[in-house]
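Nothing fancy with the numbering, it's 1 onward along the sequence.
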Amino acid sequence: MRTLPRRSLIALVSTAALILTACGAARAPAPAPAVEVPPPARGPFVSAANPLAVEAGMKVLREGGSAVDAAVAVQAVLGLVEPQSSGLGGGAFLMHFDAGTGEITSFDGRETAPAAAGPELFFEDGRPLGYRDAVLSGRSTGVPGAVAMLGMAHEKHGRLAWSGLFGDAERLAREGFIVSPRLGGFIAARSGQARTPWADAWFTGPDGERVETGDRLTNPAYAQTVAELARGGPGALYTGRIATEILAATSAEPRPGALTAADLAAYRPIERGALCRPYRVYVVCVPPPPSSGVAVLQFLGMAETVPAILEGADSVDAWVALAQLQRVMYADRDRYVGDPAFTGVPVQGMLDPDYMAARATLALGLTGAAEAGRPPGGVIRGGDATQEPSGTSHFVVVDAAGDVVSMTTTVESVFGSGRMAAGFFLNNQLTDFSFTPTRPDGAPAANAAAGGKRPRSSMSPVIVLDREGRFVAALGSPGGTSILAYNVKALVAVLDWGLPMQSAFDLPNLVARGDGFGADAERFSPGLRAALGERGITIRPNTSENSGLHGGMWRRDRTGVWGWDGGADDRREGVVAW
């Protein structure tokens, strides 16, 4: 099944209701309450991490473009003005809601490893490379997938010509844009990807001075590339001049990679069915593996069995439950999720109601790190040694017909591998594979590297519907491994605590993975922080990437009028427009 239509959503929810009813005593059915049918959600609506990208998307929507049309324009501009986070050289997952049919579709634009890659991709002299050495090597780059994926989505859901969607990106690249404080801060880094020969060439002005916040930055090479993509279609990235430049960058020293022209030409995005499950009065939909969306659904399934979650943002018990359930969520995700073409992922077992209930009970009694469980159908696999750094973005678009895009996009680390081709940074996505492919007894890791394999991703863009399959909300976040924690916090705050989208995003983040707790420590009130400490949750600064939650919800305002409730994480530089 490639898409999940509205009738299937209703059937899924109805089946769950029947199962629950059968467990109780027989009783006469209560009269069905009158249900108000909300007006359908309509755009234009864009929430993204840079105002220039938001304006590019809104311009497309004002011209009658679809949500996917606008997504192409948004991504093209983000890759220029927010190159530390995403771009043409990276990958993405896109969730699409068709308001006319009620269909939910996921598009997988995750990068793939070269055919020559093996489980010891990042080994040298019999031992794993240091993480920084691996990131900066040519081995770290997989075949970029975002452009091909957007091309596939545009073929199905585009209304405007592909050739007309890159105008803002080309203009900004030629004329220049003002370097934002966030980008300027990363450019100023004294080491790493910001100080490679490729990055130095772009970030050093004609006067020999380093570009700073507030300077105007041009990128003629990027302008040429997006002009070629506009004329030649998505395939222009995978053959010809652009492909030649990608191969030259990945084959350069130090530690050249094995990416070939055949690898680039063979890349195919994948249209997958959405993974949807009921949550209270809603239906939450995410992409299936290799996305980690299944972990978000597992968390929500566990949360439904824990009443304390409903107590609200001021409740210590609610925050404790949020943390403890995360520990179990991450333990299972780390052990079982990988590329389903290479690894059997027990999705149905992880979402089995009895299994989730048992895992929730275990979670509430934890005093340290959680061990992975044994979901029905799960095969014990090796321990995981995957590291996911910061360099990702999320945006949401809704068009005039009510079609929705929720897309998480990335080059992996800040500025990816630090290598550039044709004006854009290349991803270091292959460092998302487990550096250690087996555990001591030889059991393989679910996320070990292999030729043609897609690394596991924490990216999990979300679309929420009501029980009749009508759009309710869309959101997502960057954050490396913390994406899952950021997404579930926002979902609980919006769906369970009834907070406005912006207020939900503004709440402190709390990330519980293993035996530690990372957080926006300064955002917790002293009283709540002290109370959490008394419960064994000692908050330390989060070592992962900050959240960049963006999204929107279709709901009543205080006067009873239906409309948009949008949010853009104030930890980034984004805005919302509608």
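A donor-acceptor pair shorter than 3.5 Å can be found between the side chains of Ser413 and Asn428. In this model, a donor atom of one side chain and an acceptor atom of the other lie less than 3.5 Å apart for Glu82 and Ser393. At a cut-off of 3.5 Å, with distance as the only test, a side-chain donor of Ser86 or Gln75 sits close to an acceptor on the other residue. For the residue pair Asp332 / Tyr355, a side-chain donor-acceptor distance below 3.5 Å is found, with atom types taken as modelled.
The shortest side-chain heavy-atom distance between Pro461 and Pro287 falls under the 4.5 Å cut-off. Annotation: side chain of Val77 is not in contact with side chain of Leu80 (no heavy-atom distance under 4.5 Å). The shortest distance between side-chain heavy atoms of Thr392 and Ser85 does not fall below 4.5 Å. A heavy-atom distance below 4.5 Å is found between the side chains of Trp202 and Asn219. Within the 4.5 Å cutoff, no side-chain heavy atoms of His550 are placed close to those of Leu475. Residues Arg359 and Met350 are not in side-chain contact: their nearest non-hydrogen atoms beyond the backbone lie 4.5 Å or more apart. For the pair Leu325 and Met329, the minimum side-chain heavy-atom distance is 4.5 Å or more. Pro455 is listed as a side-chain neighbour of Gln429, based on a closest heavy-atom distance under 4.5 Å.
How far OH of Tyr279 is from SG of Cys285: 15.0 Å, rounded to the nearest 0.5 Å. Thr436 OG1 to Phe123 CZ: the interatomic distance, rounded to the nearest 0.5 Å, is 5.5 Å. A distance of 9.0 Å separates CG of Asp569 from OH of Tyr486, quoted to the nearest 0.5 Å. Atom-to-atom distance recorded for Glu245:CD and Leu426:CG is 10.0 Å, nearest 0.5 angstrom. Of the inter-residue distances, the one linking Leu465 atom CG with Ile104 atom CD1 reads 4.5 Å to the nearest 0.5 angstrom. To the nearest 0.5 Å, atom OG1 of residue Thr431 and atom CD of residue Glu412 are 4.5 Å apart.
Between Arg272 and Pro340, the shortest heavy-atom distance links the atoms NH1-CG, 3.9 Å. Heavy-atom minimum distance, Ala474 versus Val404: CB-CG1, 4.0 Å. The minimum heavy-atom distance between Ala169 and Tyr222, with the atom names listed, is CB-CE2, 4.4 Å. Between Gly548 and His394, the shortest heavy-atom distance links the atoms O-CB, 4.3 Å. The nearest pair of heavy atoms linking Gly344 to Pro346 is O-CD, 3.6 Å. Taking every heavy atom of both residues into account, Arg513 and Thr481 meet most closely at NH1-CG2, 3.3 Å.
In this structure, the side chain of Thr250 engages the main chain of Leu247 through a donor-acceptor pair within 3.5 Å. One N or O on the side chain of Thr141 and one on the backbone of Asn427 form a donor-acceptor pair closer than 3.5 Å. Of the possible donor and acceptor atoms, one in the side chain of Ser417 sits under 3.5 Å from a partner among the backbone N and O of Arg419. Between the side chain of Glu103 and the backbone N or O of Phe97 there is no donor-acceptor pair closer than 3.5 Å. A donor-acceptor pair under 3.5 Å links the side-chain atoms of Ser180 to the main chain of Leu183, judged by distance alone. In this structure, Trp198 contributes its side chain and Gln193 its backbone to no donor-acceptor pair below 3.5 Å. Under a 3.5 Å cut-off, the side chain of Glu573 and the backbone N or O of Arg182 do form a donor-acceptor pair. Ser406 contributes a side-chain N or O that, together with a main-chain N or O of Val462, makes up a donor-acceptor pair within less than 3.5 Å. Asp69 places a side-chain N or O within 3.5 Å of a backbone atom of Ser66 that can act as its donor or acceptor partner. Using a distance-only test at 3.5 Å, with no hydrogens or angles considered, no donor-acceptor pair links the side chain of Ser291 to the main chain of Ser457.
Salt-bridge check for Arg255 with Glu124: passed, with a basic side-chain N closer than 4.0 Å to an acidic carboxylate O. Classification of Arg110 and Asp339 as a salt-bridged pair fails, no side-chain N sitting under 4.0 Å from a carboxylate O. Ion pairing of Asp515 with Arg327 is absent here, as no side-chain N (NZ or NE/NH1/NH2) approaches a carboxylate O to less than 4.0 Å. A salt bridge between Arg127 and Asp125 is absent, with no side-chain N of the basic residue lying under 4.0 Å from a carboxylate O of the acidic one. For Arg454 and Glu111, the salt-bridge test fails: no basic side-chain N is under 4.0 Å from an acidic carboxylate O.
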Task: Trace of the side chain to side chain contact (heavy atoms under 4.5 Å, CB included) decision for Val396 with Val46 - done: CA-CA 6 Å; Val396 170; Val46 182; over 6 Å; no
Open item on the list: Is there a side chain to side chain contact (heavy atoms under 4.5 Å, CB included) between Met356 and Asp352? Walk through the geometry before answering.
Closed with: CA-CA 6 Å; Met356 292 189 292; Asp352 178 82; over 6 Å; no
Open item on the list: Show, in sequence, the C-alpha distance, side-chain angles and deciding distance for Tyr238 and Tyr267, and conclude whether the side chain to side chain contact (heavy atoms under 4.5 Å, CB included) test is met.
Closed with: CA-CA 8 Å; Tyr238 300 90; Tyr267 182 82; 4.3 Å; yes
Task: From CA spacing to verdict: salt bridge (charged side-chain N to carboxylate O under 4.0 Å, His left out), Arg456, Asp432 - done: CA-CA 7 Å; Arg456 183 188 71 207; Asp432 259 4; over 6 Å; no
TODO: Quick one: do Leu237 and Phe424 satisfy side chain to side chain contact (heavy atoms under 4.5 Å, CB included)? Show the steps, please.
DONE: CA-CA 11 Å; Leu237 189 92; Phe424 56 85; 3.7 Å; yes
TODO: Applying ring-ring contact (aromatic ring centres under 6.0 Å, His included), run through Phe435 and Tyr131 and close with a yes or a no.
DONE: CA-CA 9 Å; Phe435 273 42; Tyr131 185 74; 5.7 Å; yes
Task: Residue pair Phe203, Phe186: steps toward the ring-ring contact (aromatic ring centres under 6.0 Å, His included) verdict - done: CA-CA 11 Å; Phe203 295 143; Phe186 287 121; over 10 Å; no
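Screening Ser458, Ser460, Ser477 for a side-chain hydrogen bond (donor to acceptor under 3.5 Å, both in side chains) with Asn487, the sole residue that qualifies is Ser460.
Ring orientation note: the planes of His157 and His96 are close to parallel, at an angle under 30° on the 30°/60° scale.
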